[in-house]
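This report concerns only the one structure given below.
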Amino acid sequence: MSRKTLPASNVAEAYLALLAERGVDYLFANAGTDFAPLVEAFAKAVRTGVQVPRPVLASHENLALSMAHGYAVASRRVPAVMVHVSVGTANGVCGALNAARDNVPILFTAGRSPLTETGLPGARDVYIHWAQEMFDQAGMLREIVKWEYELRNGVQLETVIDRALSVATTQPGGPVYLSLPREVLAEPLPGFSYDSPSRRVAAAPPGPDKGAIEEAARILAAAENPLVVTASAGRDPAAVEALADFARRYAIPVVQHRPRHLCLPADHPCHLGYDAAPFLDEADAILVLECDVPWIPSLKAPRPECKVIHLGVDPLFSRYPIRGFPCDLALTGTPATALPELAEAVGKFAVASAVSERGHRLADRRERLLAGWRQTREAAADMRPIHMAWASVCIARAKPDDAIIVNEYTLMPEHCGSNLPGSYFGSSTASGLGWGGGAALGAKLAAPERTVIAGLGDGSHLFGNPVALHHASAMHKLPVLFVVMNNSMWGAVRRATLGMYPQGEAARSNKPPLIDLDDLPAFEQVCAAAGGYGERVEDPQALPEALDRAMHAVTVEKRQALLNVICRGV
Ligand SMILES: Cc1ncc(C[n+]2csc(CCOP(=O)(O)OP(=O)(O)O)c2C)c(N)n1
């Protein structure tokens, strides 16, 4: 333990150096007049060689947040983001909600309009400095973030930064918000000293209660048809192994419902796909593992007598206003620590013959599931417009084993499985669209040696601000392959309307309003305009070779690529 002194002259310089010291490698930024002291401090650091985070310019705030999100999940490090005062914060709210619901720690910061009208260094000197000030700038996202504060003086700098980072990274993780008034950033702070390493660390993750583990073990061991449903257990790669061992040892099927991370390798014998519904009639015990929505109760629910156990760092998802899934037992703990303990405890009660008999049924069930997927693929192979299942298969065949897939919801994981922990990131359940492209850039920044492929819809790609996205890819030399599965519509809106009104006016209409995206731009040309490789693909048989060309562009030519794959509607 020691104290270090920084050769900083003001708060902005000390702030950046302290971030770097605390392990923040990147600051994703969309700048404004509030940034002047930081721009100055970054420039000075280049000359002096003081370590500071690398500034990464993003020309829209949603892009900055999405890049930070993708970087954070792929690297498991904490990024910082900075946006311009109230207006930049407003543009960043959607990205912050995505990160919050996905438990991604981000130090989200924003400038504040100068407080003073004259007098102090940094005082108002542009007309916007009046209108952009708000009574409660942080009010826009106070409900979303875990903590928010304003840096009020340099003396408090270390405490504030350490508190922000330790709260963000204590599990369940999430974004925190810090506003940085311009006069405070400009304040002199000579001889700034701080503890190294930090004396304000994150809390260790919670461990499950022994009694609750025992009770969960009894329930699972007594069940004839237990089931695990998970979405995010794989956030920690160590949990993937723990889940793989647990499921295999007791022959328990695992369903990944709307996964945000790879939780179980695709070739694992207990991998039973992505939909719990077919298992719910027979299930007599379900372990809901890091999963906010394990099934959709209005469509299909487990039998009333089925016991339901929830396990996770916040198993009740206490930040969700309503979540009423049955819960006979809830265990607070990380899957990586709780699952080995649970496995041990189930061992005391499990009956070997029952486990082995279940193993046979499970193998049979998996074989039928895989056969069904194969059939879908075969049927989809010749369809024109292209079927998204076929597009997913072609991506699976083209990608290297260690590729990272970022899926903004159009890619079908059953046709594009991975076996490697940390190789799949799905969009947050908040589903604020416009995330996938930026998140893929962030993942590429975290893992430059790996191929990163983003699966996007035409709708989600448009939300992602394509011009800003391709600009960022080119500017930061992040060659990602974007595959836009383009059905020229907001298919989800169509499905929702037909689901609620199957015989309704919209179902009978040839062209119901607010669904079709007519006259879409040639997305491939937008990518090409930024120096990338772009191609439109309409023929299903041409897709594999188009993917080869696009892969060549990203892996050999080291430039981004976009395939505009013309797909069928829903
Ligand atoms: C920020 C935001 N605005 C609106 C929505 C509502 N929404 C959900 S899915 C969707 C359509 C997405 O279209 P696309 O990406 O083309 O996929 P498709 O549904 O056609 O498969 C929309 C508009 C949302 N999730 N997020």
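One-based numbering, in listed order, for ligands and for the atoms of each. None of these values were measured; they are calculated from a predicted model.
- Ring pair H261/Y424: centre-to-centre distance not below 6.0 Å.
- Scanning the protein for heavy atoms near atom 4 (C) of ligand 1, the closest one is F463 CZ, 3.6 Å.
- Among S460, G436, G491, the residue whose heavy atom sits closest to atom 18 (P) of ligand 1 is G491.
- Between F325 and W295, a ring centre-to-centre spacing shorter than 6.0 Å is recorded.
- The environment of E545 atom CD is sparse: at most 12 non-hydrogen atoms of other residues, nucleotides or ligands sit within 6.0 angstrom.
- Here the heavy atom of the protein found nearest to atom 25 (N) of ligand 1 is S431 O, 2.8 Å.
- Each of the following atoms of ligand 1 lies closer than 4.0 Å to a heavy atom of M489: 13 (O), 16 (O), 20 (O).
- The shortest N or O to N or O distance between C94 and ligand 1 is not under 3.5 Å.
- By the 30° and 60° cut-offs, the orientation of the rings of W373 relative to H415 is perpendicular.
- The shortest non-hydrogen separation linking C263 to V240 is O-CG1, 3.5 Å.
- The aromatic ring centres of Y533 and H552 sit 6.0 Å or more apart.
- The shortest N or O to N or O distance between A492 and ligand 1 is under 3.5 Å.
- Atom 14 (P) of ligand 1 has as its closest protein heavy atom G459 N, 3.4 Å.
- Note that atom 6 (C) of ligand 1 has no protein non-hydrogen atoms nearby, at separations under 4.0 angstrom.
- Residue, atom and distance of the protein heavy atom nearest to atom 19 (O) of ligand 1 are Y409 OH, 2.5 Å.
- Of the charged side-chain nitrogens involved, none lies within less than 4.0 Å of a carboxylate oxygen, so that K300 and D275 do not count as a salt-bridged pair.
- Around atom 1 (C) of ligand 1, the closest heavy atom drawn from L433, D458, T410 belongs to L433.
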